[in-house]
Amino acid sequence: MTISCKDLAKVYEGGKEGWPALRGVTFDIKPGEFVAVTGPSGCGKSTLLNILGLLDEPSGGSYRLRGRDTGAMSDAERSLARRDGIGFVFQSFHLLNRLTAAENVGLPLLYAGVEREPMRERAHGLLGRVGLQGKERKTPLELSGGERQRVAIARALANSPEIILADEPTGNLDSASSREILDILFGLNAEGITVVMVTHDRELAARAGRNLRMRDGRLEA
Ligand SMILES: Nc1ncnc2c1ncn2[C@@H]1O[C@H](COP(=O)(O)OP(=O)(O)OP(=O)(O)O)[C@@H](O)[C@H]1O
Ligand SMILES: [Mg+2]
């Protein structure tokens, strides 16, 4: 099992008793699945994705990632597991506007200690893979929204992750660009990468192999 969550709970601080964003969520995701997470605004989708991506820790329950209990990991182990196993794609791209597309894609490799020239080659290869050959030297501000998201996907692929977590990756895009981004994610899934994608778009969700529907911090049956 790639992802195995049991009774996952998350209470954010605030107010007298805090705010329960996840109230006991149990599910497994097998290697190679394409899972869409849907549900109304505020139901806990991003909270769940952040926990799956080891960006945040649950307040209760357990999360096993590739068989390992993440609750027992040190901060350093969590960082490594995140760096080497998980690629992130966000709604608002999260690219650095002062860097070129290739430099943005190369950044995770830089952190992983890859030398300059192999880093450049790999970044160019990844940009080619998402259809951005020739745009390596453009900065995000010189690219369209769809192109920016493709740079973000290339960056997410830099360390050859087994899992891609995408939080409303098409939320800021028109329908044509959305379809392109989804086609890329499906292509990656066809190559064996597990994809978990939060989306508000029912049509996109319908294309996924499986839907997890959330409401008020719980999974609907
Ligand atoms: N850092 C935080 N501190 C306190 N409460 C938070 C925090 N982040 C989220 N919440 C609350 O937790 C609940 C779940 O939030 P979350 O962002 O997971 O929802 P979501 O399903 O992703 O919504 P959306 O579709 O609008 O992105 C919300 O009620 C939100 O207000
Ligand atoms: Mg959200």
Side-chain angles (χ1 to χ4, degrees), residues 2-29 33-65 70-71 73 75 78-79 81-82 86-95 140 145-146 148-153 155-156 161 163-175 177-179 181-182 184-185 189 194-221:
T2 293
I3 285 171
S4 185
C5 293
K6 196 154 188 273
D7 292 329
L8 218 53
K10 177 72 185 180
V11 182
Y12 287 111
E13 281 173 32
K16 229 193 281 164
E17 285 154 21
W19 179 265
L22 296 179
R23 309 165 187 253
V25 174
T26 300
F27 64 93
D28 291 332
I29 295 178
E33 277 197 283
F34 194 118
V35 179
V37 181
T38 59
S41 181
C43 70
K45 304 180 296 296
S46 296
T47 301
L48 177 64
L49 215 67
N50 289 342
I51 291 173
L52 296 184
L54 303 174
L55 296 173
D56 201 358
E57 293 183 56
S59 324
S62 72
Y63 168 30
R64 300 180 80 84
L65 174 62
T70 61
M73 289 182 184
D75 283 350
R78 290 168 64 86
S79 300
R82 186 166 58 228
I86 299 170
F88 268 99
V89 181
F90 299 95
Q91 177 174 4
S92 49
F93 321 127
H94 290 202
L95 298 172
R148 288 182 205 183
Q149 196 59 301
R150 285 193 262 163
V151 174
I153 291 175
R155 180 186 56 188
I163 304 171
I164 288 197
L165 302 175
D167 195 348
E168 298 193 51
T170 63
N172 283 337
L173 303 179
D174 59 53
S175 56
S177 305
S178 296
R179 224 167 296 122
I181 293 300
L182 207 69
I184 291 172
L185 291 175
N189 180 245
T194 306
V195 178
V196 185
M197 177 183 73
V198 171
T199 182
H200 276 291
D201 189 323
R202 288 184 169 273
E203 217 174 295
L204 298 192
R207 282 183 65 185
R210 185 176 156 207
N211 280 14
L212 292 178
R213 286 200 195 82
M214 295 185 68
R215 178 175 293 275
D216 288 340
R218 292 194 175 90
L219 283 182
E220 288 187 336

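As the structure lists them, so they are numbered: ligands from 1, and atoms in each ligand from 1.
- With 3.5 Å as the limit, one finds a donor-acceptor pair spanning the side chains of Asp174 and Ser177.
- For ligand 1 and Ala21, the ligand atoms under 4.0 Å from any heavy atom of the residue are 12 (O), 13 (C), 14 (C).
- Less than 4.0 angstrom separates some heavy atom of Ser46 from each of these atoms of ligand 1: 17 (O), 18 (O), 20 (P), 22 (O), 27 (O).
- The backbone N or O of Glu33 lies less than 3.5 Å from a partner atom in the side chain of Asn189, making a donor-acceptor pair.
- Closer than 4.0 Å to atom 26 (O) of ligand 1 lies at least one heavy atom of the protein.
- Under the 3.5 Å distance criterion, the side-chain polar atoms of Asp201 are matched with a main-chain donor or acceptor of Glu203.
- Residue Gly39 places no N or O, backbone or side chain, under 3.5 Å from any N or O of ligand 1.
- Considering every non-hydrogen atom in both Gly87 and Pro161, the closest pair reads N-CB, 3.5 Å.
- Remark: the backbone N or O of Gly39 is paired with a side-chain donor or acceptor of Lys45 at under 3.5 angstrom.
- Residue Gly42 places at least one N or O, backbone or side chain, under 3.5 Å from an N or O of ligand 1.
- At a 4.0 Å cut-off, at least one heavy atom of Glu168 sits close enough to ligand 1 to count as contact.
- The main-chain N or O of Thr70 is never found under 3.5 Å from a side-chain atom of Arg64 such that the two would form a donor-acceptor pair.
- Tyr63 contributes a side-chain N or O that, together with a main-chain N or O of Leu52, makes up a donor-acceptor pair within less than 3.5 Å.
- The residues Asp56 and Lys10 are annotated as salt-bridged, a charged nitrogen and a carboxylate oxygen being separated by less than 4.0 angstrom.
- Nearest protein heavy-atom neighbour of atom 29 (O) of ligand 1: Trp19 NE1, 3.0 Å.
- For Ser59 (side chain) and Val11 (main-chain N/O), a donor-acceptor pair under 3.5 Å exists by modelled atom type.
- Between Glu13 and ligand 1, no N or O atom pair is found at a separation short of 3.5 Å.
- The contact set between ligand 1 and Thr47, taken as ligand atoms under 4.0 Å from a residue heavy atom, comprises 14 (C), 15 (O), 16 (P), 18 (O).
- Considering all non-hydrogen atoms of both residues, Thr199 and Ala205 come closest at CG2-CB, 3.9 Å.
- Checked by atom type, the side-chain pair Thr38/Asn211 shows no donor-acceptor distance below 3.5 Å.
- Under 2.8 Å from the Mg ion (ligand 2), one finds the following protein N/O/S atoms: Ser46 OG.
- In this structure, atom 9 (C) of ligand 1 lies nearest to the protein heavy atom Tyr12 CE1, 3.3 Å.
- Under a 3.5 Å cut-off, the side chain of Ser92 and the backbone N or O of His94 do not form any donor-acceptor pair.
- Note on ligand 1: Gly14 sits outside its first shell, no heavy atom being nearer than 4.0 Å.
- By the 4.0 Å heavy-atom criterion, His200 is counted among the residues contacting ligand 1.
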